[in-house]
Amino acid sequence: MSVRIEKIAAGELKAKPAGENLGFGVHFTDYMLVMSYRAETGWAEPVIKKYGDFSLDPAAMALHYGQAIFEGLKAYRGKDGRIYLFRPTDNLRRMNDSAARMCMPPMPADEVLAAMKQLVALERDWVPGIDGASLYIRPTMIATEAALGVRPAREYLFFVILSPVGAYYPEGFNPVKIYVTDNYVRAVKGGVGNVKTAGNYAASIMAALEAQGKGYTQVLWLDAIERRYVEEIGTSNIFFLINGELVTPALSGSILPGITRDSVIKLARAWGIKVIERPIAIDEVIAALEGGALQEIFASGTAAVISPVGALNYKDREYPVNGEMTGPLAQRLFDELQGIQYGEGQDDFGWRVPIE
Ligand SMILES: Cc1ncc(COP(=O)(O)O)c(C=O)c1O
């Protein structure tokens, strides 16, 4: 599968935003990758073209029945000047898992990776050179067939857009305060919580707003049936360091199998730390906090890499974690992962993929 590139005239290129105030997901680059699908003919040739509006029929099925999936990964400007992706094959594999669950067609992952690398290479000047900043990559697939009726669409659009993003922690690596909700749930086993489909995020907004209104950064979700077992924090996975052992909820079917989660597990095990994937009840967490056995809590995800938790609010009581300080394991994981991502540290697992 070859990629067609429709070049833009130099005069039409956008001015690049200043590196210091990139924010997250507010600026978009000059080009995007687009590939369409029809049931009769399969995927068409991928095209790299000028970033811009789509023309969609108001009956496009994604708008009505929610066949919409996406991924999120980053390109990093290495200290050696090369541009690196982090575990992109895992994102594309997860996207095809999402596609399967949502009855959408799988995309040809190898060809898409090659096209995505071409897109990032073309946009290499958009990859920020500032510490902690990166180029966020958003592959997306939506149902475009114009029809009403709940069934798999027969036409889709796959596209990749790029957004330069600033350091997640411009003022340093600071612990966040988390609100445990037992009022709302994110996902239930047998549902779609283990894939990256748009509706999961729409459903989470109300709980996030309520938590923010109470002064908390994010929500910690509990399982949908007993509202007892810890699942995820916002759009990241969660880890607990209890008596020197790292515990994280098992992939039970209702949480997203995070790529950062998998990286944390592999790194911690390589460092000789015992990592246990099992159900963990919120009462066990609170008891471990009260008894002093709980040393650290942190979240893992592409956006922030590692996010230390400084306090948990459960049933209107706030429990400080590790004196509201970043713990040594969270710091070590953050440094190690960023080192690999920016092309400095040893990449023993082969996670770093140069784009050219
Ligand atoms: C619901 C949810 N959980 C966890 C994660 C973390 O996954 P990853 O480490 O692959 O970014 C994400 C982000 O993709 C997410 O949206």
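Both ligands and their constituent atoms are indexed starting at 1 by order of listing.
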Task: Stacked cation flag Lys177 on Tyr216, 6.0 angstrom / 45 deg - done: yes
Open item on the list: Below the 3.5 angstrom mark, is there an N/O of Arg186, backbone or side chain, next to an N/O of ligand 1?
Closed with: no
Task: Protein contact of atom 2 (C) of ligand 1 - nearest heavy atom, named by residue and atom, plus distance - done: Glu232 OE1, 3.3 Å
Task: Proximal atoms of ligand 1 relative to Gly258 (non-hydrogen, under 4.0 Å) - done: 7 (O), 8 (P), 9 (O), 10 (O)
Open item on the list: Tell me whether Asn91 has any N or O atom under 3.5 angstrom from an N or O of ligand 1.
Closed with: no
Open item on the list: Does any N or O of ligand 1 fall below 3.5 Å from an N or O anywhere on Ser300, backbone included?
Closed with: no
TODO: Within a distance under 4.0 Å of any heavy atom of Arg94, pick out the atoms of ligand 1 and give their elements.
DONE: 7 (O), 8 (P), 10 (O), 14 (O)
Task: Which of the ligand 1 atoms, numbered from 1, are nearer than 4.0 Å to a heavy atom of Tyr201 - done: 1 (C), 15 (C), 16 (O)
Task: Ring-face cation contact, Tyr31 with Lys50, 6.0 Å cut, 45° max - done: no
Open item on the list: If you count every heavy atom of other residues, nucleotides or ligands that lies below 6.0 Å from Lys14 atom NZ, does the total exceed 12?
Closed with: yes
- [ ] For Leu246 and Ala268, work out which heavy atoms get closest and say how close.
- [x] CD2-CB, 3.8 Å
Task: Tyr314 ring center near Tyr179 ring center (under 6.0 Å) - done: no
TODO: Please verify whether a non-hydrogen atom of Glu71 lies at under 4.0 Å from ligand 1.
DONE: no
Task: Ion pair Arg261/Glu277, N-O distance below 4.0 Å - done: yes
- [ ] Verify whether one side chain among Glu245 and Asn243 offers a donor that lies under 3.5 Å from an acceptor in the other.
- [x] no
Task: Ring centroid separation Phe86 to Tyr76 under 6.0 Å - done: no
Open item on the list: Return the closest protein heavy atom for atom 9 (O) of ligand 1 as residue, atom name and distance.
Closed with: Thr260 OG1, 2.6 Å
- [ ] Would you check if there is a donor-acceptor pair between the side chains of Ser36 and Glu155 at a distance under 3.5 Å?
- [x] no
TODO: Among all protein heavy atoms, pick the one closest to atom 5 (C) of ligand 1 and tell me residue, atom and distance.
DONE: Thr235 O, 3.2 Å
Open item on the list: Please determine whether any non-hydrogen atom of Ser236 lies less than 4.0 Å from an atom of ligand 1.
Closed with: yes
Open item on the list: Checking a contact table here: which protein heavy atom is nearest atom 11 (O) of ligand 1, and how many Å away?
Closed with: Thr302 OG1, 2.6 Å
- [ ] Would you mind checking which non-hydrogen protein atom is closest to atom 14 (O) of ligand 1, with the distance to 0.1 Å?
- [x] Lys196 NZ, 2.8 Å
Open item on the list: When you compare ligand 1 with Ile259, is there at least one nitrogen or oxygen pair between them that comes in under 3.5 angstrom?
Closed with: yes
